[in-house]
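Below: one structure, written as structure tokens.
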Protein chains: 2
Amino acid sequence: MRSVTIKDVAGRAGVSTATASRVLSGHPSTSPAARTAVEQAVADLGFRPNAQARSLRRTTTQTLGLLLPDIRNPFFADLAHAVEQRARDFGYLTLFGNANESVEQQDRYFDVMLSQRVDGLIAAPQGDRASLAGILGSGLPTVFVDRVIDGADVPSISPDNRTGIHEAVEHLLGLGHRRIGYIAGPQSTSTGRERLRAYQEAISGTAADDDGGLVHVGDFQAASGAAGAHALLDLADPPTAVLAADSLMSIGAIGVCNERGVAIGADLAFVGYDDIEAFTLLNPALTVIAHDVDAMGRGAVEMLVAVIAGEAAESRVLPSRLIVRGSTMDSPKGPSA
Amino acid sequence: MRSVTIKDVAGRAGVSTATASRVLSGHPSTSPAARTAVEQAVADLGFRPNAQARSLRRTTTQTLGLLLPDIRNPFFADLAHAVEQRARDFGYLTLFGNANESVEQQDRYFDVMLSQRVDGLIAAPQGDRASLAGILGSGLPTVFVDRVIDGADVPSISPDNRTGIHEAVEHLLGLGHRRIGYIAGPQSTSTGRERLRAYQEAISGTAADDDGGLVHVGDFQAASGAAGAHALLDLADPPTAVLAADSLMSIGAIGVCNERGVAIGADLAFVGYDDIEAFTLLNPALTVIAHDVDAMGRGAVEMLVAVIAGEAAESRVLPSRLIVRGSTMDSPKGPSA
DNA sequence: CGATTCCATGGAATCGATTCCACAAGTATG
DNA sequence: CATACTTGTGGAATCGATTCCATGGAATCG
């Protein structure tokens with residue numbers, strides 16, 4: 001059961017471990033004879049180098065950490081896929097951690113990533129600068145993706161939260177909506193804060209109602225979207241249009257509308273976040289604020305590779321855009337119209 | 001930039017590395033004085049043990065490998081989440097690999113997992129016994145999840161593919177359907193094969209039409225579900241009901257129905273696979289064959305932990321069940337009715 | 001009170017691969 | 001033909017933490 005080591009290989013090939021190692025790592029100073037002997041021995045014994053031992057001696061592990069808040073959120077699942085594929089191109093293995101939208105689990109994973117000596121870290125962080133002090137002070141090359149942390153000197157690649165929301169609000173105003181509800185993300189995340197702020201900016205100074213009761217703050221999970229939908233629909237003067245700040249809350253909210261017999265597209269205009277395939281299947285299909293997840297994931301890896309190489313990386317903001325579909329095609333009904 | 005080692009800790013605490021190590025790993029033979037000194041030094045220096053060095057010396061890495069075919073498939077995303085949470089309970093870190101429904105990528109990840117010396121592997125495999133010879137011969141404790149490999153002596157936890165399909169077909173027969181189309185999964189996977197076989201069994205000997213044209217074999221990706229829907233709807237005598245063998249193909253097929261103006265639930269009955277939250281939002285909501293993903297993920301970890309401990313693990317089959325919703329409530333229309 | 005056990009401790013070996021260094025043999029240059 | 005330079009090689013040090021073994025001192029026992 002003991003696994004095959006380079007010593008066994010060297011012994012069988014009749015060379016020293018030094019030579020065997022050189023052959024394996026493609027060092028130029030190796031004779032053809034040694035090369036074939038070692039390769040034959042490797043094949044015969046089924047040798048597989050021990051990554052632990054190699055990483056210990058070299059200072060690099062050829063491993064990237066990826067820390068996401070919720071793998072069940074399709075946006076992050078897509079992001080994980082994009083990051084992993086791009087990391088593979090650079091010869092990196094992706095070590096994946098799911099923080100479960102919990103600061104404690106995030107901290108545990110930071111520890112794990114540091115212990116595993118990943119060469120770099122891509123994270124969609126939560127919490128503030130203080131709670132991230134561990135990582136920020138560790139010197140580990142890090143890139144933030146999707147979310148950023150104010151005041152942290154870490155390059156990031158994130159969506160343009162402002163423009164998408166502005167376009168959506170203007171679109172709804174153009175359709176005649178004056179009571180526009182908003183289901184916000186957690187204010188402990190930059191995306192949650194920026195999107196809420198953008199909503200407030202977009203509303204203020206327009207014909208739209210601007211009372212705080214139209215905002216429900218959730219936590220990016222489906223249940224909070226459902227709670228938000230109930231709260232908004234229970235208002236004495238309910239909104240005629242609703243925006244939700246991520247895909248899971250959109251799902252929760254739409255479910256509640258269906259239960260309560262509120263017809264999306266007819267009784268209520270709805271704008272979701274993130275362009276998930278299933279959203280196009282709804283009847284009517286969902287108007288969404290979309291961004292290019294693949295570009296974000298690939299870009300994050302490329303930035304991190306640059307940071308690891310010691311180059312300066314500029315933070316990037318990727319455009320968001322509104323995709324108008326049936327869920328916002330009609331003008332509002334009822335007293336507000 | 002050089003990271004803090006146990007030597008630095010020992011030096012600062014005024015003890016040997018042996019004593020420092022004993023304090024850190026909770027060895028009983030340590031004096032309170034040594035303990036506090038070492039703990040203080042660890043805190044002062046921000047010491048984090050090097051997992052590589054530790055794993056090299058011990059034979060264990062406290063790491064599990066998880067190899068899935070497609071993280072963007074919500075079923076596998078849920079599975080990944082369940083596995084990771086349960087693994088954490090046992091003190092294991094999950095090293096995650098996404099094979100992208102490709103046998104080559106799967107092989108690469110097997111190599112990586114072996115090199116990383118994971119303590120055990122949970123995989124939803126593809127290919128046949130020959131292509132998995134590497135893993136099967138390696139002696140690495142392994143558990144298969146969702147999918148199995150015929151003739152491989154590896155414990156597995158998988159869904160009861162047969163019963164769910166039988167219930168679905170009987171349900172459709174009961175509604176009067178006689179032309180029941182089937183969008184099958186790839187025949188290189190056990191789930192693809194077993195579900196197709198179950199469909200054929202369930203159909204044969206009944207009043208339903210049993211010609212091969214009603215079956216379209218896809219690859220568990222959305223595009224193949226779309227292709228299957230086109231093929232079935234283009235038949236001279238198209239089906240009045242369709243089953244799809246996984247969630248992504250269901251999404252693809254439903255999209256095509258929407259495009260072509262085929263009203264699901266009215267013009268066409270549709271049964272999907274896997275109970276994804278978004279499926280309940282469709283109008284009408286989707287009838288699906290569901291299984292308990294969480295139990296499967298947790299069960300896989302528990303089995304693997306047993307295998308690692310040298311215990312025998314019995315393969316398990318988890319029940320599937322049909323959840324009837326609006327997409328199959330109506331009787332068929334048209335000439336076949 | 002002497003002998004035995006127990007406990008905390010440090011020195012050194014160890015895990016497996018890489019790499020520095022020294023050396024021998026072969027090739028090129030004056 | 002002597003010197004310098006290249007090339008392939010093996011011995012041994014190294015990475016950082018763990019653990020075996022030996023040792024000295026305190027506690028326990030007959």
Side-chain angles (χ1 to χ4, degrees), chain A residues 1-39 41-42 45-63 93 111-112 114-119 138, chain B residues 1-39 41-42 45-63 93 111-112 114-119 138:
Chain A
M1 225 4 257
R2 196 186 61 86
S3 52
V4 182
T5 74
I6 202 169
K7 264 190 194 164
D8 304 323
V9 170
R12 187 172 234 265
V15 299
S16 70
T17 62
T19 299
S21 173
R22 277 184 215 113
V23 169
L24 289 169
S25 54
H27 189 98
S29 280
T30 50
S31 66
R35 235 172 289 150
T36 55
V38 169
E39 278 158 12
V42 165
L45 299 172
F47 169 71
R48 235 169 272 274
N50 182 316
Q52 264 74 36
R54 169 176 291 176
S55 306
L56 181 58
R57 185 59 235 259
R58 300 180 170 174
T59 40
T60 159
T61 55
Q62 290 300 310
T63 298
L93 172 69
D111 261 25
V112 167
L114 286 173
S115 279
Q116 294 290 324
R117 299 291 193 270
V118 295
D119 292 340
S138 70
Chain B
M1 224 2 259
R2 198 186 58 86
S3 52
V4 182
T5 75
I6 200 170
K7 264 190 194 165
D8 304 322
V9 170
R12 187 171 234 266
V15 299
S16 69
T17 62
T19 298
S21 173
R22 277 187 284 257
V23 169
L24 288 169
S25 55
H27 188 98
S29 280
T30 48
S31 66
R35 235 172 290 150
T36 55
V38 169
E39 277 158 12
V42 166
L45 299 173
F47 170 71
R48 235 169 271 276
N50 182 318
Q52 265 73 37
R54 168 176 290 176
S55 305
L56 181 59
R57 184 61 235 258
R58 299 181 169 171
T59 41
T60 159
T61 55
Q62 290 302 310
T63 298
L93 172 68
D111 261 26
V112 167
L114 287 172
S115 279
Q116 294 290 325
R117 300 291 193 270
V118 295
D119 292 341
S138 70

>> I want to check one thing: is the phosphate of dC7(C), taken as OP1 and OP2, less than 4.0 Å away from some side-chain N or O of S31(B)?
In response: no

>> Restricting to side-chain hydrogen bond (donor to acceptor under 3.5 Å, both in side chains), what partner residues turn up for T36(A), sequence neighbours left out?
In response: none

>> Using a 4.0 Å cut-off on heavy atoms, which residues in residues 21-29 of chain B reach DNA chain D? List them by number, or say none.
In response: S21(B), R22(B)

> Which residues satisfy the salt bridge (Lys or Arg N to Asp or Glu O under 4.0 Å) test with R48(A), sequence neighbours excluded?
Replying inline: D111(B)

>> What is the separation between atom CD on Q116(A) and atom C1' on dG16(D), rounded to the nearest whole Å?
In response: 14 Å

>> Students often get this wrong, so: under 4.0 angstrom with heavy atoms, is A34(B) touching a base, only sugar-phosphate, or nothing?
In response: sugar-phosphate

> Roughly, in whole Å, what's the span from CZ in R117(B) to C1' in dA17(C)?
Replying inline: 11 Å

>> In whole Å, I'd like the distance from the CZ atom of R54(B) to the C1' atom of dG16(C).
In response: 18 Å

> Hey, what bend do you get for the helix from dC1(C)-dG30(D) to dG30(C)-dC1(D) if you fit axes on five pairs at each end, rounded to 10°?
Replying inline: 40°

>> Suppose we screen for side chain to side chain contact (heavy atoms under 4.5 Å, CB included). Which residues come up paired with A37(A), at least two apart in sequence or across chains?
In response: A13(A)

> How many Å lie between CZ on R48(B) and C1' on dG16(D), as a whole number?
Replying inline: 16 Å

> Rounded to the nearest Å, what distance is computed from the CD atom of residue Q52(B) to the C1' atom of nucleotide dA17(D)?
Replying inline: 12 Å

> Which residues satisfy the side-chain hydrogen bond (donor to acceptor under 3.5 Å, both in side chains) test with S55(A), sequence neighbours excluded?
Replying inline: none

> Reckon S16(B) has a side-chain N or O less than 4.0 Å from the OP1 or OP2 of dG11(C)?
Replying inline: no

>> Run the side-chain hydrogen bond (donor to acceptor under 3.5 Å, both in side chains) test against E39(A) and tell me which residues pass, sequence neighbours left out.
In response: none

> Can you pull the side chain to side chain donor-acceptor pair (under 3.5 Å) pairs that have at least one residue in residues 23-32 of chain A, sequence neighbours excluded?
Replying inline: T30(A)-R35(A)

>> Run the side-chain hydrogen bond (donor to acceptor under 3.5 Å, both in side chains) test against S21(B) and tell me which residues pass, sequence neighbours left out.
In response: none

Please list each protein N or O that sits under 3.5 Å from an N or O in nucleotides 12-15 of chain D, with the distance.
residue	atom	partner	partner atom	Å
dT14(D)	O2	R57(A)	NH1	3.1

> Which residues satisfy the side chain to side chain contact (heavy atoms under 4.5 Å, CB included) test with T59(A), sequence neighbours excluded?
Replying inline: none

> Under 3.5 Å, side chain of T17(A) to main-chain N/O of I6(A), donor-acceptor pair present?
Replying inline: no

> Can you list the residues that meet the salt bridge (Lys or Arg N to Asp or Glu O under 4.0 Å) rule with R12(A), with sequence neighbours excluded?
Replying inline: D44(A)

>> Would you compute the distance between atom CG of N50(A) and atom CZ of R57(A) and round it to the nearest 0.5 angstrom?
In response: 15.0 Å

>> Both I6(A) and G14(B) contact DNA chain C. Which one's nearest nucleotide lies toward the 5' end?
In response: G14(B)

